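Structure below; questions to follow.
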Amino acid sequence: MNAPVPINSSVTLTGGEAIVEILERADVGPMFGMGGFQLLPYYDAVRRKNLAHHLINDERVGCFATDAWARMTGKPGVCDATLGPGATNLVTALVESTNAGIPQIVFVGDTHRDYSWRNMTQEARQLDILRPAVKDVIRIESARRVPELVRRAYAVATSGRPGAVVVDVPEDVAHGTFDFDADDLWIDPRTTRYPAYRSRPDGTAIEEAAALIAGAERPLILAGGGVHISDATAALLAFAEAHAIPVAHTLSGKGAIPCTHELSAGLFGRFARIANELIEASDCLIVVGCKLGEIATKRFQLFNDRTPLIHLEVTAEEIGRTTHADHPLVGDARLGLEDLAAALHGDAAAARAKRAGYVMEIGRRMAKWRDGAHERLHSSESPINMGRMLNELNEVMPADSVLIADGGFAAHWAGLFYDTKKAGRSFLADRGFASIGYGLPGAMGAQLAVPDQPVVAITGDGGFNMVIGELETARRVGTPFTLLIVNNAASGYIKSLQHAMYGGYQSSDLIEMDYAVLARDFGCHGIRVDDPDALAPALREAIEERSRPSVIDVVVTRDPAKMLPAADSRTLKVTKGDRPV
């Protein structure tokens with residue numbers, strides 16, 4: 001994996017074999033894909049090298065699984081697809097990774113170049129379709145450039161703001177045999193993890209931002225998913241503790257500091273505990289690794305122009321896109337926090353003394369919020385209240401466990417009510433695109449990344465219906481995660497919105513299913529729970545099952561007025577053109 005040492009020799013390989021030579025040197029993790037003729041030499045090389053590769057039943061799901069693996073390991077995910085429908089099936093998952101800043105290297109087969117655009121089987125303008133979904137598309141036009149271009153895919157995927165990169169491999173490149181220079185079979189180890197090449201914010205800008213923070217009495221850190229991408233949780237926690245600055249987080253930023261920490265203000269934005277009020281009362285906002293999108297800003301209405309705002313972000317074009325930044329800091333989140341800490345080092349003790357009352361206020365506000373949420377957190381109603389389900393998760397899940405939250409409904413509930421107990425990436429929500437169907441494959445990928453830690457995923461019945469077939473994959477791969485299915489016999493988020501807007505429902509109901517029976521038919525462990533007092537025993541039983549996946553079918557409320565994670569949505573009214581929830 002080090003820089004090449006010329007040895008003046010060559011090695012004869014197919015293009016597919018050459019790809020795998022570079023992947024092996026990159027210490028590639030478990031891969032997912034569904035083979036086709038175009039990539040068969042690649043598959044055979046993977047087999048002969050005994051690398052981990054798993055057949056998936058849908059290419060999108062394989063890409064979701066490697067996305068979750070990448071989030072947990074700090075290394076880029078790798079998956080593949082055949083040409084045509086295989087490639088186009090990837091689009092949703094590719095947008096998720098690219099929007100969320102998660103690096104993926106995705107190999108797609110393509111037609112033999114001698115016969116392209118002669119109505120080849122499954123031929124499509126797949127590169128035109130995939131290009132807007134990814135950070136870059138690299139087509140291998142010359143077989144001898146295979147090592148170079150795979151190296152480039154890694155470099156692009158992991159540098160700056162990471163993202164997905166598609167490597168398009170024509171059939172004749174994959175199957176053809178070529179003489180490669182042996183000293184060309186290498187990869188820069190810095191590009192096999194992310195972020196590959198870190199950049200520091202401007203020093204003068206750091207000093208100006210530090211002066212603003214030093215003078216603030218009620219500063220507040222707003223942490224986004226970029227904190228995890230940058231592996232900046234330790235730097236953030238040290239900075240917040242040293243200067244007594246509370247931390248609120250987005251859905252993607254949960255775990256930036258432990259949710260149980262005295263400085264944690266919880267989720268901010270569309271759903272919040274106490275953070276939105278703290279934002280309003282703050283005299284200095286420090287945004288770290290957050291794009292300040294629609295949900296984080298309550299559709300761009302949460303922030304005012306009065307409070308000075310520092311925005312630390314690696315991608316310059318994100319600064320000012322939605323919210324005015326008085327002090328832009330363009331650079332890596334971890335390095336930027338370390339630089340701010342260095343600039344403020346002499347002010348730490350005075351800052352803690354000055355803000356002691358402010359810190360105590362966080363605890364009082366959070367306790368008041370918990371009192372207000374008590375009815376949901378401890379509800380004995382049946383069907384089960386979602387708040388009670390999340391509270392049981394908080395009580396049962398060990399500190400080193402990982403929670404996956406599927407798009408939409410599951411993520412909103414978990415983001416508001418679930419508490420991480422350690423700093424770090426232990427909460428995964430697919431907020432890059434917020435597609436439902438991520439829960440099961442996300443759990444599979446995360447469990448492969450942390451095989452000895454409990455992994456639990458929350459998905460709706462609608463999201464699970466999209467990927468039911470992947471229970472077979474999860475069992476075959478041997479991933480003993482626990483999948484909680486929020487069974488409300490509906491597309492819950494849509495039904496709750498229809499209730500708030502119209503009082504009537506259209507195409508939002510599902511057939512009542514017993515998913516525990518279905519799970520057992522797949523050879524998995526299945527439990528159905530309709531009594532809230534049975535939740536904790538079911539969770540413990542599933543987490544202790546380490547030989548196969550477990551599915552807990554949780555029968556939750558069917559009342560659309562109780563489906564949103566607000567304090568009480570029974571009288572909520574949403575006006576036309578508005579989307580406050």
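Just so it is clear, the model here is predicted, and its values are computed rather than measured. Atoms considered below: every heavy atom in the structure, side chains included; atoms not considered: hydrogens, waters and symmetry mates.
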Next item on the list: Please state whether the rings of Tyr438 and Phe64 are parallel, tilted or perpendicular, taking 30° and 60° as the class boundaries.
Entry: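 Perpendicular: the ring planes of Tyr438 and Phe64 meet at over 60°.
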
Check: Just by distance, do the side chain of Ser252 and the backbone of Gly224 share a donor-acceptor pair under 3.5 Å?
Finding: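 It does not hold such a pair.
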
Next item on the list: Could you walk me through whether Asp168 and Gln126 pass the side chain to side chain contact (heavy atoms under 4.5 Å, CB included) test, one step at a time?
Entry: CA-CA 9 Å; Asp168 187 72; Gln126 62 187 43; 3.1 Å; yes

Check: With side chains defined as the heavy atoms from C-beta onward, is the minimum distance between Leu484 and Thr459 less than 4.5 Å?
Finding: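 With C-beta onward as the side chain, the pair stays apart.
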
Margin query: Counting only heavy atoms from other residues, nucleotides and ligands, does the tally under 6.0 Å from CG of Asn50 exceed 12?
Written below: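 For Asn50, atom CG is not crowded (no more than 12 foreign heavy atoms under 6.0 Å).
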
Next item on the list: Determine whether the side chains of Thr473 and Asn57 contain a donor N or O and an acceptor N or O closer than 3.5 Å.
Entry: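 Yes, Asn57 and Thr473 have a side-chain donor paired with an acceptor closer than 3.5 Å.
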
Next item on the list: Evaluate the criterion side chain to side chain contact (heavy atoms under 4.5 Å, CB included) for residue pair Glu21 and Lys49; output intermediate values, then yes/no.
Entry: CA-CA 9 Å; Glu21 288 291 329; Lys49 287 186 175 290; 3.1 Å; yes

Notebook entry, point to check: When rounded to the nearest 0.5 angstrom, what is the spacing between CD1 in Ile105 and CG in Leu23?
Noted result: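 Going from the CD1 atom of Ile105 to the CG atom of Leu23 covers 8.5 Å.
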
Next item on the list: Determine the interplanar angle of the Tyr42 and His53 rings, folded into 0 to 90°, and report it as parallel if under 30°, tilted if 30 to 60°, perpendicular if over 60°.
Entry: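 Answer is perpendicular, since the angle exceeds 60°.
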
Notebook entry, point to check: What distance do Leu448 atom CG and Thr66 atom OG1 have between them, rounded to the nearest 0.5 Å?
Noted result: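 So the CG of Leu448 and the OG1 of Thr66 are separated by 10.5 Å.
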
Next item on the list: Could you tell me whether Glu148 and Arg152 have a side-chain N and a carboxylate O separated by less than 4.0 Å?
Entry: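 No, no charged N to carboxylate O under 4.0 Å.
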
Checklist line | Salt-bridge contact Arg71-Glu96 (side-chain N to carboxylate O under 4.0 Å) | finding: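 The answer is yes: the pair qualifies as a salt bridge.
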
Next item on the list: For side chain to side chain donor-acceptor pair (under 3.5 Å), just list the numbers for Ser116 and Thr111, CA-CA rounded to whole Å, side-chain angles, deciding distance to a tenth of an Å, and then say yes or no.
Entry: CA-CA 6 Å; Ser116 295; Thr111 55; 2.7 Å; yes

Checklist line | Derivation and outcome, side chain to side chain donor-acceptor pair (under 3.5 Å), residues Glu545 and Ser547 | finding: CA-CA 6 Å; Glu545 171 59 62; Ser547 64; 2.3 Å; yes

Checklist line | Non-hydrogen atoms of Asn394 and Asp419 that approach each other most closely | finding: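 Closest heavy-atom pair between Asn394 and Asp419: OD1-N, 2.8 Å.
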
Check: Of all heavy-atom pairs between Asn488 and Ala490, which one has the smallest distance, and what is that distance?
Finding: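 Heavy atoms only, the tightest pair is OD1-O, 2.8 Å.
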
Note to self: Give me the atom names and distance for the closest heavy-atom approach of Asp553 to Ala516.
What the structure shows: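 Heavy atoms only, the tightest pair is CB-N, 3.9 Å.
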
Next item on the list: State whether the side chain of Thr420 and the backbone N or O of Cys259 hold a donor-acceptor pair below 3.5 Å, judged by distance alone.
Entry: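 Side chain of Thr420 to backbone of Cys259, a donor-acceptor pair under 3.5 Å: yes, one is there.
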
Notebook entry, point to check: About how many Å separate CG of Asn89 and CD1 of Ile56, when rounded to the nearest 0.5 Å?
Noted result: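 Between atom CD1 of Ile56 and atom CG of Asn89 there are 12.0 Å.
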
Check: Quick check: does any side chain N or O of His228 sit under 3.5 Å from a backbone N or O of Lys254, one acting as donor and the other as acceptor?
Finding: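 Side chain of His228 to backbone of Lys254: a pair is present.
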
Next item on the list: Identify the heavy atoms of Ala538 and Ile527 that sit nearest to each other, and give their distance.
Entry: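 Heavy atoms of Ala538 and Ile527 come nearest at O-CD1, 3.8 Å.
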
Next item on the list: Answer yes or no for Arg151 and Trp186: cation-pi contact, defined as NZ/CZ to six-membered ring centre under 6.0 Å and angle to ring axis within 45°.
Entry: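 Yes, a cation-pi geometry holds between Arg151 and Trp186.
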
Checklist line | Side chain Ser230, main chain Arg334, donor-acceptor under 3.5 Å | finding: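 Yes, the answer is positive, given that a donor and an acceptor are paired below the 3.5 Å cut-off.
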
Notebook entry, point to check: Do the side chain of Thr73 and the main chain of Lys75 share a donor and acceptor less than 3.5 angstrom apart?
Noted result: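 Yes: the side chain of Thr73 pairs with the backbone of Lys75.
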
Check: Going by atom types only, do Asp80 and Tyr43 share a side-chain donor-acceptor pair under 3.5 Å?
Finding: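 Their side chains do contain a donor-acceptor pair, which is all the 3.5 Å distance test asks for.
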
Notebook entry, point to check: Going through the checks in order, is the side chain to side chain contact (heavy atoms under 4.5 Å, CB included) test met by Ser435 and Asp430?
Noted result: CA-CA 7 Å; Ser435 167; Asp430 61 321; 4.3 Å; yes

Notebook entry, point to check: Judged by atom type as modelled, is there a donor-acceptor pair below 3.5 Å linking the side chain of Asp181 to the main-chain atoms of Ser10?
Noted result: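 Flag not set: sc Asp181 to bb Ser10 has no pair under 3.5 Å.
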
Notebook entry, point to check: So, does Thr98 use its side chain to make a donor-acceptor pair with the main chain of Val95 at under 3.5 Å?
Noted result: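 A pair under 3.5 Å: no.
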
Next item on the list: Return the minimal non-hydrogen interatomic distance between Val288 and Ala333, and the atom names on each side.
Entry: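 Looks like CG1-CB, 4.0 Å.
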
Checklist line | Single hit among Arg200, Arg161, Arg198 for salt bridge (charged side-chain N to carboxylate O under 4.0 Å, His left out) with Asp332 | finding: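 Result: among Arg200, Arg161, Arg198, Arg198 is the only option passing the salt bridge (charged side-chain N to carboxylate O under 4.0 Å, His left out) with Asp332.
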
Checklist line | Partner of Ile22 by side chain to side chain contact (heavy atoms under 4.5 Å, CB included), out of Ile187, Asp184, Val28, Leu149 | finding: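 So the option named by the test is Ile187.
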
Margin query: A quick test of your reading: do over 12 heavy atoms of other residues, nucleotides or ligands sit less than 6.0 Å from CZ of Arg125?
Written below: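 No, the 6.0 Å shell around CZ holds no more than 12 heavy atoms from other groups.
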
Notebook entry, point to check: Under 3.5 Å, is there a donor-acceptor pair between the side chain of His412 and the main chain of Tyr493?
Noted result: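 Side chain of His412 to backbone of Tyr493: no pair is present.
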
Notebook entry, point to check: Are any side-chain N or O atoms of Lys421 and backbone N or O atoms of Met397, one a donor and one an acceptor, separated by less than 3.5 Å?
Noted result: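 At least one qualifying donor-acceptor pair exists.
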
Next item on the list: Inspect the surroundings of CZ in Arg190 and state if more than 12 heavy atoms from other residues, nucleotides or ligands are less than 6.0 Å away.
Entry: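 It does not: Arg190 CZ has 12 such atoms or fewer within range.
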
Next item on the list: Taking the side chain as every heavy atom from C-beta outward, state whether Asp231 and Arg425 have any pair of such atoms under 4.5 Å apart.
Entry: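 A side-chain contact under 4.5 Å is absent here.
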
Checklist line | Heavy-atom side-chain proximity of Val108 to Leu90 below 4.5 angstrom | finding: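 In contact.
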
Check: How long is the span from the CD1 atom in Ile404 to the CG atom in Leu440, to the nearest 0.5 Å?
Finding: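 Rounded to the nearest 0.5 Å, the CD1-CG separation comes out at 10.5 Å.
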
Check: Does one side chain, of Ser97 or Asp67, offer a donor that lies under 3.5 Å from an acceptor on the other?
Finding: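 There is such a pair (donor and acceptor under 3.5 Å, judged by atom type) between the side chains of Ser97 and Asp67.
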
Notebook entry, point to check: Considering all heavy atoms of both residues, which atom of Pro103 and which atom of Ala157 are nearest to each other, and what is their separation?
Noted result: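 Looking at all heavy atoms of both residues, the closest pair is CB-O, 3.2 Å.
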
Item checked: Lys422 atom NZ: more than 12 heavy-atom contacts under 6.0 Å ->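 12 or below, so no.
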
Checklist line | Arg548, CZ: over 12 other non-hydrogen atoms inside 6.0 angstrom | finding: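 Atom CZ in Arg548 is packed in, count exceeds 12.
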
Notebook entry, point to check: Under the side chain to side chain donor-acceptor pair (under 3.5 Å) criterion, do His175 and Gln38 qualify, and how do the steps go?
Noted result: CA-CA 8 Å; His175 285 256; Gln38 289 72 23; over 6 Å; no

Notebook entry, point to check: How many angstroms lie between CZ in Phe427 and CG in Leu251, if you round to the nearest 0.5 Å?
Noted result: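 Going from the CZ atom of Phe427 to the CG atom of Leu251 covers 6.0 Å.
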
Next item on the list: Output yes when Glu17 and Arg48 qualify as a salt bridge under the 4.0 Å nitrogen-oxygen rule, no when they do not.
Entry: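 Looking at Arg48 together with Glu17, the answer is yes, because their closest N to O distance falls below 4.0 Å.
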
Note to self: How about CZ on Arg528, more than 12 heavy atoms from neighbouring residues, nucleotides or ligands closer than 6.0 Å, or not?
What the structure shows: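 Result for CZ/Arg528: enclosed.
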
Note to self: I'd like to know if the side chain of Glu313 reaches the main chain of Thr315, judged simply by a donor and an acceptor atom lying under 3.5 Å from each other, with no hydrogens or angles considered.
What the structure shows: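 Judged by distance alone, yes, a pair lies under 3.5 Å.
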
Next item on the list: Could you tell me how the ring of Tyr115 sits relative to the ring of His112: parallel (under 30°), tilted (30 to 60°) or perpendicular (over 60°)?
Entry: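 If you compare the ring of Tyr115 with that of His112, the planes turn out tilted.
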
Note to self: Pair Val165, Val134 - check side chain to side chain contact (heavy atoms under 4.5 Å, CB included), show working.
What the structure shows: CA-CA 6 Å; Val165 174; Val134 296; over 6 Å; no

Item checked: Value rounded to 0.5 Å, distance of CG in Asp461 from CG in Asn487 ->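 Answer for the CG-CG pair, Asp461 versus Asn487, is 5.0 Å.
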
